[in-house]
Protein chains: 2
Amino acid sequence: MTEASRITARDGVRADARRNRERVLVAARAVFAEHGIDAPMATVARRAGVGVATLYRHFPTRDALVRGAFAQQMETCARALTEALADPDPWQGFQQLVETVCALQREERGFPAAFAAAFPDSTSEHAPYRQRAERDFTTLVRRAQASGALRADFHPSDLAVALLAHCGLVTALPDDGAASRRLVAYLLQSFRTDPANKPLPPPTALTLRSFPIATDSPQGQRSSRA
Amino acid sequence: MTEASRITARDGVRADARRNRERVLVAARAVFAEHGIDAPMATVARRAGVGVATLYRHFPTRDALVRGAFAQQMETCARALTEALADPDPWQGFQQLVETVCALQREERGFPAAFAAAFPDSTSEHAPYRQRAERDFTTLVRRAQASGALRADFHPSDLAVALLAHCGLVTALPDDGAASRRLVAYLLQSFRTDPANKPLPPPTALTLRSFPIATDSPQGQRSSRA
DNA sequence: GTCCAAGCGGACGATTGCGTCCACTTGAGA
DNA sequence: TCTCAAGTGGACGCAATCGTCCGCTTGGAC
């Protein structure tokens, strides 16, 4: 951290440039949270109080901007994995990991979309990081299974399934997070070996308005991924 | 059905108009499946072999088109609820219901997006249908709980949570459905009172490439909701 | 066969977002 | 203080999509 800022400070980068870069990142997070990850670049620029050109100079593609904006959240995820491995109780670590990542997804609006968008990038790039993450998580899973708390047929890929599903849920429902908590609780319980009768968080206020009950049922307005 | 087609046939609607309407619906399903629900209207028109104006005449808004295109799927969902209620074993009915709806979401590409889009429409319209669906489903839940198979703290709103999460998953991963089946199995197990040791479907081939492991980790291309 | 209203198609103007170009400004080293 | 390269902003050209308008075509009643 100190390291990082010192490098930045003496990078030969002009002070105003560095300041603008930071302003853009703050604005990007705000705008992505408000209008979704597809918000116009110009909106971000205006919010940051800089011109479009400045924005494009710092982040040549929308992707770079998204990556920059959520770098901190990414780091938090990475740290969560490390901490999970360090936990003496592997199940505890596993649970913490899932809960931390899901909390991040639910709290930082815009992040879930970024998270989901990260997926298609199946190929090559940054493979070493990914491989380390996979190896670490697999280790965690094995330990938790050995401790008897995690069901034996849990497969590491199930984490991806769970996180993507959760991601979709919070994206569809930018609410107070009740639904998210409920889903996480259900999933964690189904991953456990024994029922582990911890009570669920309170149910959501959702109605079944989503359930298509008739041909001419409420199909609703497509909301443009607000 | 016969009723419906007879009405259509003698509706004073010209034969070519009726034919075109049908062609548009077929094309819409195909295009939505291929390019997502946000595909340009012109693409649908071209695919249907009609002009844009014809498309707009039959379906004045994109929403109307989506509704029209997936009306059949909506009906299937509605029927599933009726059948679930009719099942002598309420848990069996419950399980069938969830599986049917999820199978539909995973098989008819484009439908999940339509399903999710249906949500924001919280207000008023078609309230009677929705209320009936809610009442019926609540009845099913109560019966399944009384039979001892469905956990006592399951709340009807949890169906919405589960379906939206599943929706998000299949939208994010247009794969062969392995992930979807896995999620559904996990969820159903966590809804059951006893562990009900039915084996899970095989794990997916997903890697953890979605897991952000470092600041500059693979963030990936935003794929335009292909 | 004749007729005409219902139906049709595609051109069109408007709107929105993208990313670049270029003339102006400014931080900071000498 | 002076200088100039690094940095900046917004105008601009381009492309995609929307939804409408209007002149042509055709189904089907008589």
Side-chain angles (χ1 to χ4, degrees), chain A residues 6-28 31-32 34-69 110 113 117 221-226, chain B residues 6-28 31-32 34-69 110 113 117 221-226:
Chain A
R6 199 183 314 126
I7 288 176
T8 315
R10 285 290 150 206
D11 220 6
V13 178
R14 249 167 62 171
D16 57 340
R18 212 176 326 123
R19 196 178 338 116
N20 275 338
R21 195 192 139 91
E22 212 46 52
R23 287 220 262 164
V24 165
L25 286 179
V26 171
V31 170
F32 288 159
E34 198 165 331
H35 304 291
I37 214 179
D38 288 326
M41 300 290 262
T43 307
V44 176
R46 203 170 335 114
R47 177 80 155 243
V50 303
V52 231
T54 302
L55 174 56
Y56 276 105
R57 194 166 322 100
H58 287 297
F59 305 98
T61 65
R62 162 179 255 105
D63 212 57
L65 179 59
V66 170
R67 187 159 39 233
Q221 291 65 315
R222 291 178 335 101
S223 79
S224 57
R225 187 146 309 274
Chain B
R6 198 183 313 127
I7 287 177
T8 314
R10 286 288 152 209
D11 220 8
V13 178
R14 253 165 61 169
D16 57 341
R18 211 176 328 122
R19 194 178 340 113
N20 276 338
R21 194 192 141 90
E22 212 46 53
R23 286 221 262 162
V24 165
L25 285 179
V26 171
V31 169
F32 288 157
E34 197 166 330
H35 303 292
I37 214 179
D38 288 327
M41 299 290 263
T43 307
V44 175
R46 202 169 338 113
R47 177 79 155 247
V50 304
V52 229
T54 303
L55 175 57
Y56 278 105
R57 195 168 319 102
H58 286 297
F59 305 98
T61 67
R62 163 177 254 107
D63 212 58
L65 179 59
V66 170
R67 186 158 40 233
Q221 289 67 310
R222 289 178 338 99
S223 79
S224 56
R225 191 146 304 276

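Only heavy atoms go into these numbers, but all of them, side chains included; no hydrogens, no water, no symmetry mates. Letters A, B, ... are given to chains in the order of the sequence lines, protein chains preceding strands, and every chain is numbered from 1.
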**Letter per nucleotide, 5' to 3', of nucleotides 9-17 of chain D [B base touched, S only sugar-phosphate touched, - untouched; heavy atoms, 4.0 Å]** = BB------S
As an exercise, state the distance from [atom1] of [X] to [atom2] of [Y], rounded to the nearest 0.5 Å.
{"X": "A:L65", "Y": "A:I37", "atom1": "CG", "atom2": "CD1", "answer": "9.0 Å"}
{"X": "A:M41", "Y": "A:T61", "atom1": "CE", "atom2": "OG1", "answer": "7.0 Å"}
{"X": "A:D38", "Y": "A:T43", "atom1": "CG", "atom2": "OG1", "answer": "11.5 Å"}

Using atom [atom1] of [X] as one end and atom [atom2] of [N] as the other, report the distance to the nearest whole Å.
{"X": "B:R46", "N": "D:dC18", "atom1": "CZ", "atom2": "P", "value": "11 Å"}
{"X": "B:L55", "N": "C:dG10", "atom1": "CG", "atom2": "P", "value": "13 Å"}
{"X": "B:D16", "N": "D:dG28", "atom1": "CG", "atom2": "P", "value": "7 Å"}
{"X": "A:R18", "N": "C:dA28", "atom1": "CZ", "atom2": "P", "value": "8 Å"}

**Fill in**
In A:R14, A:R19, A:R18, the residue satisfying salt bridge (charged side-chain N to carboxylate O under 4.0 Å, His left out) with A:D16 is A:R14
**Request:** Please report the closest heavy-atom contact between A:V24 and A:V44, naming both atoms and the distance.
**Result:** O-CG1, 4.1 Å
**Request:** Indicate the atoms forming the closest heavy-atom contact of A:R47 with A:A27, along with that distance.
**Result:** CG-CB, 3.6 Å
**Prompt:** Are OP1 or OP2 of D:dG7 and a side-chain N or O of A:H58 less than 4.0 angstrom apart?
**Reply:** no
**Asked** B:R14 or A:R19: which one's nearest nucleotide on DNA chain C is closer to the 5' end?
**Response** B:R14
